[in-house]
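In what follows, a single structure is set out as structure tokens and then discussed.
Atoms within a ligand are numbered from 1 in the order they appear, just like the ligands themselves. Everything numeric here is computed off the predicted structure, so don't read it as measured data. Index from 1, following the sequence.
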Amino acid sequence: MTDSTKQILRVQGIHTYYGLSHILFGISLDINEGEVLCLLGRNGAGKTTTMRSIAGFSPAQEGMIYFYGEDITALSANKIAKKGIITAFAEKRVFGNLTVKENLEIARRDNPRKKEHGIWTLNKVYELFPVLEGYAKKWAKNLSGGEQQMLCIARALMSNPDLLLLDEPTIGLAPVVVDDIARQIRKLQEEGMSILLAEQNFLFASELGIRCMIIDTGEIKYEGTFEELKANESIMKKYLTV
Ligand SMILES: Nc1ncnc2c1ncn2[C@@H]1O[C@H](COP(=O)(O)OP(=O)(O)OP(=O)(O)O)[C@@H](O)[C@H]1O
Ligand SMILES: [Mg+2]
């Protein structure tokens, strides 16, 4: 492996349960530094659970997770976040009774791995999401769904992640807002951010990622490029809602 393809995350054969319900059956995936890997799959396929396992919210009971080569499988969610894996989940993760600016300020965290020019500040976040600057003093609970989703991603950035887990950032949003979010994620890509993106929106995902995986009933059923997947009608029909 050369430096230009340094591996940031390796997930090896994880099994995750909610109580007695066995949800993930040996999920494996790798992400290289600066890569956007897309995890596709229908409702209930196990996308969020995969992210929750990586982030330590629903720890894997079997299998291994390595971050920059270090075993993080059994670390607490808090420790994993401190190491630089930050989640922006589809469910609202903003503090409604704080302003937009306060939401951003309390999310700020230093990351010793980040070089000075790469550090996320309020100004840098506002550059990426100008709408948030306009609403800096607004209560977060009064933002629209799309704006809250942007605030959620912006909060994740304020904590200076090495790896961003983005769970269905476009869910429930109008096409024009989806385009906005796509543009913003593309800018993050250009900056070299490593991202694991869970999506049901095939078109949105295919514009951002090169490599994708399909998860279904807690197992990886397909791995390849979007081009290969597009050409594979039977897989598309079997596992995706298109
Ligand atoms: N807290 C929970 N307790 C029990 N079962 C759960 C829990 N959360 C999710 N599940 C189940 O785990 C399975 C995987 O759910 P998960 O949320 O990972 O799917 P998903 O791919 O993210 O779906 P969606 O696209 O709808 O968000 C589903 O069968 C779901 O019902
Ligand atoms: Mg989900």
State the atoms of ligand 1, each with its element, that fall below the 4.0 Å cut-off from a heavy-atom position in [X].
{"X": "Thr49", "value": "14 (C), 15 (O), 16 (P), 18 (O)"}
{"X": "Asn43", "value": "23 (O), 24 (P), 25 (O), 26 (O)"}
{"X": "Gln200", "value": "25 (O)"}

> Taking all atoms of both residues into account, what is the closest heavy-atom pair of Leu196 and Met51, and its distance?
Replying inline: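 So the two residues come closest at O-CE, 3.2 Å.
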> If you look at every heavy atom in Thr87 and Ala156, which pair is closest and at what distance?
Replying inline: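 Minimum heavy-atom separation between Thr87 and Ala156: O-CB, 4.3 Å.
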> Would a distance-only check, ignoring hydrogens and angles, find a side-chain to backbone donor-acceptor pair under 3.5 Å from Ser28 to Gly13?
Replying inline: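 Looks like yes, one N/O pair under 3.5 Å.
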Looking at [Y] and [X], is any side-chain nitrogen of the basic one under 4.0 Å from a carboxylate oxygen of the acidic one?
{"X": "Lys237", "Y": "Glu233", "value": "yes"}
{"X": "Glu199", "Y": "Lys47", "value": "no"}
{"X": "Glu191", "Y": "Lys124", "value": "yes"}
{"X": "Glu223", "Y": "Arg211", "value": "yes"}

> Do any non-hydrogen protein atoms sit less than 4.0 Å from atom 14 (C) of ligand 1?
Replying inline: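 Flag for atom 14 (C) of ligand 1 set to true, protein heavy atom closer than 4.0 Å.
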> Would you say Thr48 reaches the Mg ion (ligand 2) with an N/O/S atom under 2.8 Å?
Replying inline: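 Given the 2.8 Å cut-off, Thr48 counts as a ligand of the Mg ion (ligand 2).
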Shortest protein heavy-atom distance from [atom], along with the residue and atom involved:
{"atom": "atom 5 (N) of ligand 1", "answer": "Tyr18 CD1, 3.4 Å"}
{"atom": "atom 17 (O) of ligand 1", "answer": "Thr48 CB, 3.6 Å"}
{"atom": "atom 30 (C) of ligand 1", "answer": "Gly44 CA, 4.9 Å"}

> Out of Glu168, Arg42, Met51, Glu199, whose heavy atom is nearest to atom 27 (O) of ligand 1?
Replying inline: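 The option holding the nearest heavy atom is Glu168.
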>> Any nitrogen or oxygen of Gly46, side chain or backbone, less than 3.5 Å from one on ligand 1?
In response: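 Indeed, backbone or side chain, Gly46 has an N or O that close.
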> For the residue pair His15 and His22, does the interplanar ring angle fall in the parallel (under 30°), tilted (30 to 60°) or perpendicular (over 60°) class?
Replying inline: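 Plane angle between 30° and 60°, so tilted.
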> With a 4.0 Å heavy-atom cut-off (strictly under), which part of Ile23 contacts ligand 1: side chain, backbone, both or neither?
Replying inline: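 The part of Ile23 near ligand 1 is the side chain, not the backbone.
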